[in-house]
Number of protein chains: 2
Amino acid sequence: MAAADEAARGVAGATLVRSGTKHAENPATPRGRRPGQTDTKKLILEAAGRLFASAGYERTTIRAVAERAGVDPALVMHYFSSKEGLLRAAMEWPVDVDQIARGIFEGDPEHIGERLVRTVCGLWEDETTRHPLVVILRNSVQHEDAGRLASEFVRQVIVGQLVSRTDDPSAPLRGLLAHSALVGLVAVRYVIGIEPLASASVDEVVQAAGPALQRYLMGDIGAGDEVT
Amino acid sequence: MAAADEAARGVAGATLVRSGTKHAENPATPRGRRPGQTDTKKLILEAAGRLFASAGYERTTIRAVAERAGVDPALVMHYFSSKEGLLRAAMEWPVDVDQIARGIFEGDPEHIGERLVRTVCGLWEDETTRHPLVVILRNSVQHEDAGRLASEFVRQVIVGQLVSRTDDPSAPLRGLLAHSALVGLVAVRYVIGIEPLASASVDEVVQAAGPALQRYLMGDIGAGDEVT
DNA sequence: GTCTATATTCCGATAGAC
DNA sequence: GTCTATCGGAATATAGAC
């Protein structure tokens with residue numbers, strides 16, 4: 001868990017350790033640390049991601065983020081200008097979406113749905129990619145920025161990949177249907193955590209939901225193959 | 001739209017009209033108003049539902065609710081004790097869920113999925129049932145009460161109906177998969193509002209999503225018919 | 001039942017010393 | 001870059017008059 005090492009340099013000691021040591025003589029790094037840049041920003045960002053994910057935007061206070069990161073609240077403002085700026089930074093995509101999309105859509109077309117489900121589950125199971133995704137999903141129904149970000153992701157990745165590989169005019173709707181299924185799956189399994197879906201294995205989820213996604217993307221929808 | 005008549009007795013005048021007139025001589029109503037009970041509570045609840053739905057729990061202030069309802073903020077506290085109490089009241093199911101569930105699951109088993117999608121869309125298109133549903137969905141990923149409420153609804157209605165009508169051990173998982181699909185559909189179409197799904201007709205949505213739901217509920221999931 | 005006044009708390013943001 | 005001190009505001013909730 002990433003929680004452990006964070007706790008190790010937790011609230012109590014970090015402030016003292018960090019303060020006053022602008023850049024000590026450290027010949028280990030060839031040129032020394034680049035001036036005006038420490039890892040404090042990353043610490044703050046990690047803490048913010050965790051709190052935004054678990055408590056939401058409004059309930060998360062800058063003071064709490066600073067405390068968890070072991071820094072001064074004013075530093076958070078200094079780096080991110082405002083609470084909204086902090087939220088935007090915490091929502092940055094932690095992965096190369098294009099590469100992931102290609103990994104899904106290249107390969108045999110028979111199992112695109114299953115690969116899609118498996119990949120998405122993988123992103124949510126991984127501790128490093130999970131928090132930003134939770135933040136985006138939680139705030140998609142609350143914060144305008146997050147909603148736009150989610151929409152752009154859909155259009156850019158799922159729909160984009162689909163449209164570029166077919167001349168089916170119903171591709172946008174297909175992509176969006178697949179996206180809606182994933183949103184629901186992720187919300188129920190990872191965010192709300194309703195059983196028995198929350199503790200089912202990834203394989204079970206892939207087996208159960210993969211074909212539905214496959215049908216949205218490649219199979220019949222509506223009466224024929226076309227839906228306006 | 002219900003917004004119009006509410007605006008009619010809007011912010012500006014209502015307070016003055018209501019204040020001071022404890023119960024004016026009004027021989028039109030036979031016995032006068034029943035003492036100790038007015039429609040103020042319902043007014044507050046309507047305003048709260050609207051604001052909780054559009055702005056979320058944290059951004060909605062009791063002051064704003066009171067202003068929109070045309071009453072004093074202290075009255076809101078008097079009726080609902082706290083802001084949380086107001087939220088709980090605003091999340092009350094506006095429909096008879098059992099009756100709706102029976103309407104879906106009774107009838108030919110071939111089109112349960114389509115009836116389910118059509119019914120859910122109907123609830124979200126109807127102005128009177130929409131607000132409480134939005135409140136529940138928005139807060140499901142934020143507020144613990146709302147999450148539990150949503151979970152109970154799933155277990156009680158979809159899963160319950162399914163389990164009571166079959167001896168398939170995978171019924172709980174099936175019901176939950178269907179629920180997750182509906183959650184995603186509703187979130188994308190009604191809450192976030194991503195095109196082209198947001199402006200598609202109900203018939204198109206039913207045609208596109210119905211079979212997927214049908215498959216979750218009645219068809220093959222996983223390798224065989226059983227998933228632990 | 002309705003309203004006034006206020007107690008209490010806590011937040012985001014700023015200014016400026018070191 | 002880092003931190004102290006504080007401003008200005010808004011929120012929920014309470015106490016009590018009418």
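- In this entry the distance linking OH of A/Y79 with C1' of D/dT2 reads 8 Å, nearest Å.
- Here the C1' atom of nucleotide C/dT2 and the CG atom of B/L75 are 5 Å apart, to the nearest Å.
- Whole-Å rounding puts the A/L86 CG to C/dG12 P distance at 10 Å.
- Protein atom CD1 of A/I62 is 8 Å distant from nucleotide atom C1' of C/dA13, rounded to whole Å.
- Side-chain atoms of A/H143 and A/E84 include a donor-acceptor pair closer than 3.5 Å.
- Between B/Y57 atom OH and D/dA11 atom P there is a gap of 14 Å when expressed in whole angstrom units.
- Remark: the backbone N or O of B/S180 is not paired with any side-chain donor or acceptor of A/R189 at under 3.5 angstrom.
- Across the protein-nucleic acid pair, A/M77 atom CE and C/dG16 atom C1' stand 16 Å apart, rounded to whole Å.
- Among the atoms of the strands shown, only primed sugar atoms or phosphate atoms (P, OP1, OP2) are found under 4.0 Å from some heavy atom of B/T60.
- Rounded to whole Å, atom C1' of D/dC18 lies 13 Å from atom CG of B/D72.
- We find that CZ of B/R59 is positioned 14 Å from C1' of C/dC11, with the value rounded to whole Å.
- Contact check, B/T40 against C/dT2: a side-chain N or O comes under 4.0 Å of OP1 or OP2.
- For the residue pair B/S201 / B/D203, no side-chain donor-acceptor distance below 3.5 Å is found, with atom types taken as modelled.
- Checking C/dG12, D/dA13, C/dT2 against the side-chain heavy atoms of B/S82 singles out D/dA13 as nearest.
- Mapping A/T61 and A/A74 onto DNA chain C by nearest heavy atom places A/T61 closer to the 5' end of the strand.
- Of the residues near DNA chain D, B/E84 and A/R63, the one whose nearest nucleotide (by heavy atom distance) lies more toward the 5' end is A/R63.
- Side-chain atoms of B/I112 and B/R115, non-hydrogen and from C-beta on, do get closer than 4.5 Å to each other.
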